[in-house]
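Worksheet: one structure, shown below.
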Amino acid sequence: MSDYKPSNIEPKWQKFWIENKTFKTDDSDFTKPKYYVLDMFPYPSGQGLHVGHPEGYTATDIIARYKRMNGFNVLHPIGWDAFGLPAEQYAVKTGTHPRITTERNIARFREQLQAIGFSYDWDREVDTTDPDYFKWTQWIFLQLYKQGLAYEAEMPVNWCPELGTVLANEEVIDGKSEVGGFPVERRPMRQWMLKITAYADRLLDDLEEVDWPESIKEMQRNWIGKSEGAEVEFRTSQETYPQPPPRRKGEAEGSSLQVDEKPGYVTVDMKSYVVLLEQSKEYRNNPTEAESVLWEELRGKKIGSKFRRQHPVLNFIPDFVCLTKRLIIEADGSVHDSKEAKKYDQERTEELKKYDFKVLRFSNDDIISNTAKVVSKIKSALNNREDYPRLNLDTPSFGGGQGEVKSEEVKSIRVFTTRPDTLFGATYMVLAPEHPLVDVLTTEEQKHAVEEYKKQAALKSDLDRTDLAKTKTGVFIGAYAVNPVTGKDIPIWIADYVMMNYGTGAIMAVPGHDERDWEFAKKFDLPIVEVVKGGDISKEAYTGDGEIVNSSNQDISIDGLSVSDAKAKITKWLEEQGLGEKSITYKLRDWLFSRQRYWGEPIPVIHVDDEHKAIPEQDLPLTLPEVDKYEPSGTGESPLARIESWLQTTDPETGKPARRETNTMPQWAGSCWYYLRYIDPDYTEGPVNPEKEKYWMPVDLYVGGAEHAVLHLLYARFWHKVLYDIGVVSTKEPFQRLVNQGMILGEMEYTAFKNAEGDYVNATERNDEEEYIAEKLSESGVEKKGNHFVIKGTETNVDARSFKMSKSRGNVINPDDVIEQYGADALRLYEMFMGPLEQVKPWSMQGVDGVYRFLGRVWRMMIDQETGNLNSDVKDIPADKNHLKVLHQTIKKVTEDIEGHRFNTAISAMMIFNNEAIKWESKPVSVLKTFTILLSPFAPHIAEELWAKLGETDSLAYQQWPELDEQYLKSDTKKYAIQVNGKVRGEIEVPSDKAADKDFVLTAAKAEEGVKKYLDDGNLVKEIFVPNRIVNLVVK
RNA sequence: GCCGCUGUGGUGGAAUUGGUAGACACGUUGGACUUAAAAUCCAAUGAGACUUAAACUCUCGUACCGGUUCGAGUCCGGUCAGCGGUACCA
């Protein structure tokens, strides 16, 4: 007996491929066209493969095999994203070194993948936990560090006491840890941050260049969240001068500034500020040549940090200032380098130092003749400086930001708005409860209420905020600001609907044209003014476009303009008045890059004299020491902090004692660049061999789950762009084409429900209050009635749906079981046959059975059941017209469908071929061979076996893909459907050479039996003839 | 709430630029083979009407309502449902 039995053939071919290195990529020949097809980096979990994995992997494998047969040099690698929490937690629990767990899991994954027959080049396997790999992860980190893109900051982080670690936002779900469900609290900690925000614009703009699903691009755009608008200054009202500051020392949050250490006084008052602004305007309008030259180099964040020109800082106007770095650049010999100005500058230098400002001076000559050198000096100065909190420091009239602030100095509040056109409609102002000016501005009478509210708001942020009711809350702080265009006093409130970490932490509230402001104004009875026509602001906020009204004063009017024209005009005016400026804000935050864990890449930094310093590149990799316990240290630091011998080191430059960084990198780090390492995994001179990189990049096709749509892809793009900037890679974007596979759900489940009394109730009539007993029904226990399934023979409808596979539901399908029962080829085929790759679809074991039977039929078409040799009707005879027609139809369909990733219909085309061919009395060997090649990317094992049985001795992995010959598709006749009034009433068959002959076809159509009677009954008023398609006769 | 995607037989799904809706497969039913079962093979299978029966024919039918068109699963407007993302983002 030689029936189709996968277990007889699959292991044999898997062994053959591995032993012969059949799929080893030969990348010595760069003249061949290349194709880089990549699967998303798997995490080798202890559970082994899930049927979701092979879905994408089979798709890429089909493409890889297909491309090889089309003469492409194919790079199709796999590896392991093996650092991460699960192995570490297992280590905490059992004391097993995570390396051991990881190795075991990798071995299992590798075995499972090989049992499905994927054509990976196994010589390129990479593993993020391998020191030869993470050496380069660390190297890339150092490049980021040198570019000033890595910095330390005290950040409020998600601290999970139970896990003893900080979690990323995405690892916190509903205020609990994603792993384990433990409570999470906010706690400020020293953290490494990566400045992805510096790349926000490029990450946004370059999305245009890649061929990705629109939905993914949109998600990335939303995540980056670019908003264009304006920052506007609101002076505080003179009449309602705030009371002396109730501020306590050391209260500043999210800041690395030690508040109590700063004496912090600021001498800017309103008068001098106005003078300053005027001066600065003047200077800006009369720049020296040197200033202009330098400004061209610094503007628009060209060197990574934002510089402002002639921007008042304290009561002093530097030529250029970077506020986040507190770095001031002076061009000596400029307009304001008069004697008085120079003296003025020197006087301020000391004071600036108190605020951690550093001043760099360059001569005008240097700037003009040695621009590059000057710029590089500025760059390195920037890199050596940490990020200072931006809060209000850029507004000198605030005073010293986080420093102790005297009330008299607080003169204005800066807001960010995307709707400067509605400025005339701003009737109140709202600060975030955490806003540093709140304490300063709050009046004595309101102090108690404000403190209460702040306390509540702080608590709230720890709770699950999303679920809280949308009703607005807030407190008036007693102070007023002046609307700069209406001149009216407007009250200042605090409310938790304003977030400290977006924009400036303060808003101008325009209740007429913002839904949140409208709700707030209604609740607290604040005035609502219409400034854009088009809605009814007594009923709801109007946020649409329209004519601007009620928006003029002596100096400016925007009445009558459209929203967008008004935005432009008012913004320009504000800039001229020094009251504001165009501003762009992003939702994207810098990337929190530290984890307090053992099982991750150590961050290659040492701390000397309270300064951080990169370790020399030649000392990489910095490996993990052995530890006795994997629990984090009690302080929240990683277990590395307990290993004194590792922790204490010396600075190789100065010989001073140094302490190693104890934070490790997050799991995203290793997966940010793995696609580069595959190109030359053993390269020792850098992360990637530049010559090979130029040949292989970008990735032509990247397939994976949509769960990585935002973070992984954004982070990887960010790193890639940094590597591009420093010349390591040659492409702006790493992944040219991206496809997201849809999730595979469990089998369809039918569930009936009983109420507490034990009576069946309709599934659709359940409500949230009552409890029900769920009862699982088999498919035969239900039937469809109308739109619902009901319990057979009743009217009681049931719930019919598929669920996400999960252990607890017990609907997980293990690929090993499928392979054991049906074989790897059937698994592959079914994964593809289920439906379109991108779509979510339920699993069905009967479906697997179906494709398995198809493979059996293919087998029996060629192989004699008794002898195991070819069937006697498989003959070496020339193929006739019909054979070739069926074959070439299949070639056409399968080829087009693979190119279009429509694997399900490609398979159905092969089924159609088989259904036809199996009926042929004698079957030409040549036709069957060609069909076997078509089948091979989908079901490679059976294809190799049949290929051998058909008399070939080579593997078919590199056979030429069959070429379509259109001439075989032509037929002698052409069928036409004949419609009368759009309904098909008959069908005619005409000779092919007459098919485009309108008169001939119409005459034949009118003579057709079924059509004739309609023509007799009415008048033919119109004839539609679409050549080779259809005839439609309109009869009245 | 907002953004995006998807709604086609009992089920998974097909259907080029608008041109014969339901390919292919599962399931079901009937039949062949078998002592029997499994496997395999053959046939039927959207719902309904007409007919002794068969053939034929007709009506309805792609979530719902409406529109454009000779013709709509496909295009447009509106509604509903499901899935994914996101959330006081100013």
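If you're wondering where the values come from, they're calculated on a predicted model, not measured in any experiment. Order of the sequence lines sets the chain letters (A, B, ...), proteins ahead of strands, with each chain counted from 1.
- You'll find that the side chain of A:R985 is closest to B:rU59, out of B:rC70, B:rU59, B:rA23.
- Between the C1' atom of B:rC41 and the CD1 atom of A:I918 lies a distance of 10 Å, rounded to the nearest Å.
- In RNA chain B, runs of at least 3 consecutive Watson-Crick or G-U pairs, each pair with both distances below 3.5 Å, span B:1-7 with B:80-86, B:10-12 with B:24-26, B:27-32 with B:40-45, B:46-49 with B:57-60, B:63-67 with B:75-79.
- Rounded to whole Å, atom P of B:rU40 lies 13 Å from atom OH of A:Y4.
- Distance CD (A:E214) to P (B:rG4): 10 Å, rounded to an integer number of Å.
- The distance between atom CZ of A:F903 and atom C1' of B:rA14, rounded to the nearest whole Å, is 17 Å.
- Nucleotides B:rG19 and B:rG27, compared at atom P, are 32 Å apart to the nearest Å.
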Report task. Go through the steps to decide whether A:F833 and A:F854 satisfy the test ring pair (Phe, Tyr, Trp, His ring centres under 6.0 Å), and finish with yes or no. Result -> CA-CA 12 Å; A:F833 189 62; A:F854 160 65; 8.3 Å; no
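- At the phosphate of B:rA39, neither OP1 nor OP2 sits under 4.0 Å from any side-chain N or O atom of A:R853.
- Taking the C1' atom of each, B:rG67 and B:rU74 are spaced 15 Å apart, rounded to whole Å.
- Nucleic acid contact for A:Q979: base, since at least one base atom lies under 4.0 Å from a heavy atom of the residue.
- A sub-4.0 Å separation between OP1 or OP2 of B:rA25 and a side-chain N or O of A:N904 is absent.
- Figure legend: cation-pi geometry between A:R809 and A:F803, with NZ or CZ positioned under 6.0 Å from the six-membered ring centre and within 45° of its axis.
- Backbone-only contact: A:P836 has heavy atoms under 4.0 Å from sugar-phosphate atoms and none from a base.
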Query - Letter per nucleotide, 5' to 3', of nucleotides 80-86 of chain B [B base touched, S only sugar-phosphate touched, - untouched; heavy atoms, 4.0 Å] - result: -----SS
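- Nucleic acid contact class of A:V1034 (heavy atoms, under 4.0 Å, all strands): sugar-phosphate only.
- In this pair, A:F931 and A:F913 present their aromatic rings parallel. The plane angle is below 30°, not in the 30 to 60° band.
- Residue A:A909 is the one, among A:M508 and A:A909, whose nearest nucleotide of RNA chain B lies closer to the 5' end (criterion: closest heavy atom).
- As rounded to whole Å, 17 Å separates atom C1' of B:rC26 from atom OH of A:Y852.
- Note on A:S844: nothing from the nucleic acid sits closer than 4.0 angstrom, heavy atoms only.
- Atom name C1', nucleotides B:rG73 and B:rU62: the rounded distance is 5 Å, in whole Å.
- Within the nucleic acid shown, A:F789 comes within 4.0 Å of sugar-phosphate atoms alone, with no base atom in reach, counting heavy atoms only.
- Between A:N740 and B:rC5, a side-chain N or O to OP1/OP2 separation shorter than 4.0 Å is absent.
- Around atom CD of A:E515, no more than 12 heavy atoms belonging to other residues, nucleotides or ligands sit under 6.0 Å away.
- Phosphate proximity of B:rA90 to A:S227: present, with a side-chain N or O under 4.0 Å from OP1 or OP2.
- Put simply, A:K784 has a side-chain N or O that comes within less than 4.0 Å of OP1 or OP2 on B:rU11.
- Atom NZ of A:K804 has 12 or fewer neighbouring heavy atoms from other residues, nucleotides or ligands inside a 6.0 Å radius.
- Using a 4.0 Å heavy-atom distance criterion, A:E515 is classed as making no nucleic acid contact.
- For the C1' atoms, the distance from B:rC5 to B:rC65 is 22 Å, rounded to whole Å.
- Across the protein-nucleic acid pair, A:R902 atom CZ and B:rG13 atom P stand 17 Å apart, rounded to whole Å.
- If you measure from atom CD1 of A:I584 to atom P of B:rC89, you get 19 Å, rounded to the nearest angstrom.
- In this model, the phosphate group of B:rG12 is not approached by any side-chain N or O of A:K841 to a distance below 4.0 Å at OP1 or OP2.
- Residue A:F803 is classed as having no contact, given no heavy-atom separation below 4.0 Å to the nucleic acid.
- For the C1' atom pair drawn from B:rU11 and B:rG85, the interatomic distance equals 29 Å after rounding to whole Å.
- The residue A:G850 sits close only to the backbone: its heavy atoms come under 4.0 Å of sugar-phosphate atoms, none of a base.
- Between A:V532 and A:T422 there is a side-chain heavy-atom pair separated by less than 4.5 Å.
- Contacts of A:I1024 with the nucleic acid, taken as non-hydrogen atoms under 4.0 Å apart, include base atoms.
- A 6.0 Å sphere centred on CD of A:E838 holds more than 12 heavy atoms belonging to other residues, nucleotides or ligands.
- Using P as the reference atom, B:rA23 and B:rG12 are 15 Å apart when rounded to the nearest Å.
- Each of A:Q846 and A:R516 lies near RNA chain B, and the nucleotide nearest A:Q846 is the one positioned closer to the 5' end.
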